[in-house]
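Please read all numbers here as calculations on a predicted model, not as lab measurements. Within every chain, numbering begins at 1; the chains are lettered A, B, ... in the order of the sequence lines, protein sequences first and strands thereafter. All values below come from the heavy atoms of this structure, side chains included, with hydrogens, waters and symmetry mates left out.
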2 protein chains.
Amino acid sequence: MVRNSRWDFRFLATETMLRLTKKADYGLMALKYLAEQALATGKTGAASAQSAKDIAEAYHIPPQLLAKILQTLARQGLLVSHAGTHGGYALARPATEINAFEVIRAIDGPLFITSCITIHGTCDLAGHCTIKEPLRKVNDSIKDLLAGIVIADLAETPDHEPSVTLAGGLVSIAL
Amino acid sequence: MVRNSRWDFRFLATETMLRLTKKADYGLMALKYLAEQALATGKTGAASAQSAKDIAEAYHIPPQLLAKILQTLARQGLLVSHAGTHGGYALARPATEINAFEVIRAIDGPLFITSCITIHGTCDLAGHCTIKEPLRKVNDSIKDLLAGIVIADLAETPDHEPSVTLAGGLVSIAL
DNA sequence: GGAATTCCGGACCATTGCAGTCCTAAGTGT
DNA sequence: ACACTTAGGACTGCAATGGTCCGGAATTCC
Ligand code: SF4
Ligand code: SF4
């Protein structure tokens with residue numbers, strides 16, 4: 001099918017729906033940056049640390065905010081941190097072993113799609129809701145999709161841009 | 001350091017991340033209901049109309065709110081409405097030709113994932129952002145995933161429950 | 001024609017979560 | 001000692017969501 005011949009996005013400025021928070025967004029950017037740096041300098045793991053300030057400046061994002069994001073990321077074990085003069089953050093694992101799903105979950109908390117899925121108590125009409133289960137499947141599909149993307153996919157190899165194309169996930173959904 | 005190692009999701013009730021609004025949720029439920037009714041009564045299209053009140057009561061959702069959701073749905077052409085004593089709403093198209101993506105978009109507006117995608121002006125750092133493109137791909141994948149689900153998939157065939165399994169979409173993502 | 005029924009549309013409000021700031025520790029290297 | 005950097009909490013402004021209310025217009029039934 002896929003019809004929708006008309007589109008008319010004229011006054012559709014509302015923006016909502018399945019939004020990914022900016023924090024998660026920033027988080028991914030930071031991760032990507034770290035991945036690239038680690039690659040560029042050749043240094044592995046904790047050796048090539050970048051300070052929160054550096055990353056923030058590199059992308060022009062609020063330093064304070066980024067700082068806290070990195071903190072939580074570190075707390076969740078995705079990053080290793082090191083204080084002190086040449087401290088900073090570095091990937092806790094190789095860039096090919098950290099996927100987008102983890103990152104997002106670490107920052108925004110678990111959850112997905114509907115209110116009912118994560119905490120069972122939230123939606124009071126969970127009893128009469130008949131759409132819950134199918135939606136959970138969709139939820140899982142998106143999760144798998146996201147889980148199939150590792151941050152190495154996001155990082156560009158300095159000059160050779162084509163490369164990667166690691167065909168992240170292959171998600172099939174059957175209700 | 002690498003502290004953490006403890007997880008403590010005790011008070012992680014935040015719920016966020018890729019959330020689908022409750023309005024869209026309700027909308028899907030309503031659509032499903034209408035699909036089932038149309039199927040049960042055999043009547044096609046505008047013949048078997050259900051009032052907003054009826055649907056709201058069937059699922060115990062706020063009538064006034066559902067009313068407005070149905071209104072927008074009708075305005076977008078997914079439903080046909082009819083005022084008057086035995087009026088109400090009915091699917092504008094067969095249940096196999098309305099997909100979840102349309103519904104969600106009709107209710108919550110377009111948009112997806114990041115702020116930058118829909119309106120170009122939103123994210124001020126779109127210039128320096130290197131993650132934008134990959135994310136757009138993810139975005140599209142989710143869209144395709146959603147677009148592969150038609151509301152007929154959600155509706156149960158009255159007794160025979162297995163049936164359907166129309167294996168909605170097959171989405172592969174390659175960055 | 002009138003009354004009941006149902007949709008339409010906008011205005012309105014309360015809560016909540018997001019985005020972002022600030023400030024005070026506590027580690028760490030020179 | 002001192003500069004640098006992470007850690008964590010408290011706090012604020014704002015926008016979106018979820019939900020309500022009301023006056024009006026269409027339609028059908030009597
Ligand atoms: S129980 Fe149903 S209505 Fe409630 S959040 Fe889940 S899917 Fe939505
Ligand atoms: S431009 Fe980059 S930072 Fe801004 S919303 Fe898009 S992906 Fe996120």
Side-chain angles (χ1 to χ4, degrees), chain A residues 13-27 30 46 49-57 60-76 79-90 104 107-109 111 114-115 118 122-125, chain B residues 1-4 8 11-27 30 46 49-57 60-76 79-90 104 107-109 111 114-115 122-125:
Chain A
T14 22
E15 54 169 307
T16 341
M17 177 187 190
L18 291 182
R19 199 168 97 264
L20 164 83
T21 64
K22 229 160 201 177
K23 286 184 191 175
D25 200 345
Y26 293 159
Q50 303 289 322
S51 79
K53 208 185 77 175
D54 290 345
I55 306 180
E57 280 175 358
H60 300 94
I61 61 187
Q64 312 245 44
L65 183 54
L66 205 239
K68 222 171 12 223
I69 295 172
L70 295 175
Q71 284 170 34
T72 60
L73 243 20
R75 208 181 314 135
Q76 302 289 337
L79 293 179
V80 288
S81 65
H82 195 85
T85 311
H86 276 98
Y89 298 89
I104 297 174
I107 296 177
D108 285 342
L111 171 45
T114 56
S115 316
T118 36
T122 41
C123 186
D124 40 340
L125 45 91
Chain B
M1 238 89 326
V2 187
R3 102 174 34 170
N4 147 279
D8 80 321
F11 17 175
L12 281 176
T14 23
E15 53 170 305
T16 342
M17 178 188 192
L18 290 183
R19 198 168 96 265
L20 162 84
T21 63
K22 229 161 201 173
K23 286 184 190 175
D25 201 345
Y26 293 158
Q50 303 287 322
S51 80
K53 208 186 76 175
D54 290 344
I55 306 180
E57 280 175 359
H60 301 94
I61 61 187
Q64 312 245 43
L65 182 54
L66 205 239
K68 219 167 17 215
I69 294 172
L70 294 175
Q71 283 170 33
T72 61
L73 242 20
R75 209 179 313 136
Q76 302 290 336
L79 294 179
V80 288
S81 64
H82 194 84
T85 311
H86 277 98
Y89 297 90
I104 297 175
I107 297 177
D108 284 342
L111 169 46
T114 56
S115 318
T122 42
C123 186
D124 40 340
L125 44 91

Contact under 4.0 Å: B:Arg75 side-chain N or O vs C:dC7 OP1/OP2: no

D:dT6 base / A:Lys68 side chain donor-acceptor hit below 3.5 Å: no

Of the listed nucleotides D:dT27, D:dG18, D:dG8, the one nearest the side chain of B:Ala83: D:dT27

Which nucleotide in C:dC7, D:dA7, D:dG19 has an atom nearest any side-chain atom of B:Tyr89: C:dC7

Below 4.0 Å: OP1/OP2 of C:dA19 and any side-chain N or O of A:Tyr26: no

Whole angstrom value for the distance that separates C1' of C:dG17 from NZ of A:Lys23: 9 Å

Least distance between heavy atoms, B:Ala24 atom then B:Asp108 atom: CB-OD2, 3.6 Å

Presence of B:His86 side-chain N/O under 4.0 Å of C:dA4 phosphate oxygens OP1/OP2: no

Closest contact, heavy atoms only, B:Leu65 versus B:Lys23: CD1-CE, 4.2 Å

A:Asp54 CG to D:dC4 P, straight-line distance once rounded to whole Å: 12 Å

Closest non-hydrogen atom pair, B:Pro63 against B:Ala56: CA-CB, 3.6 Å

Earlier contact from the 5' end, DNA chain C, for A:Gln64 and B:Leu70: B:Leu70

Atom pair distance, as rounded to whole Å: CD1 in B:Ile69 and C1' in D:dT20: 13 Å

Nucleotide nearest B:Gln71 when distance is taken to its side chain, options D:dT6, C:dC7, C:dC8: C:dC8

Atom-pair distance (CG on A:Leu65; P on C:dA19), nearest Å: 8 Å

B:Thr85 side-chain proximity, nearest of C:dT5, C:dG20, D:dT5: C:dT5

Value in whole Å for how far the P atom of D:dT6 lies from CD of A:Gln50: 10 Å

For atom CG of A:Leu66 and atom C1' of C:dG20, their distance in whole Å: 12 Å

Closest non-hydrogen atom pair, A:Ala74 against A:Ser81: CB-CB, 4.4 Å

Value in whole Å for how far the P atom of C:dT6 lies from CG of B:Leu73: 19 Å

Reference residue B:Tyr26; test side chain to side chain contact (heavy atoms under 4.5 Å, CB included); the match among B:Leu70, B:Ile107, B:Ile55, B:Ile61: B:Ile61

Between C1' of C:dC8 and NE2 of B:His82, the distance in whole Å: 15 Å

Sugar-phosphate, base or nothing in reach of A:Ala67, heavy atoms under 4.0 Å: nothing

B:Ser81 side-chain N/O to C:dT6 phosphate OP1/OP2 under 4.0 Å: no

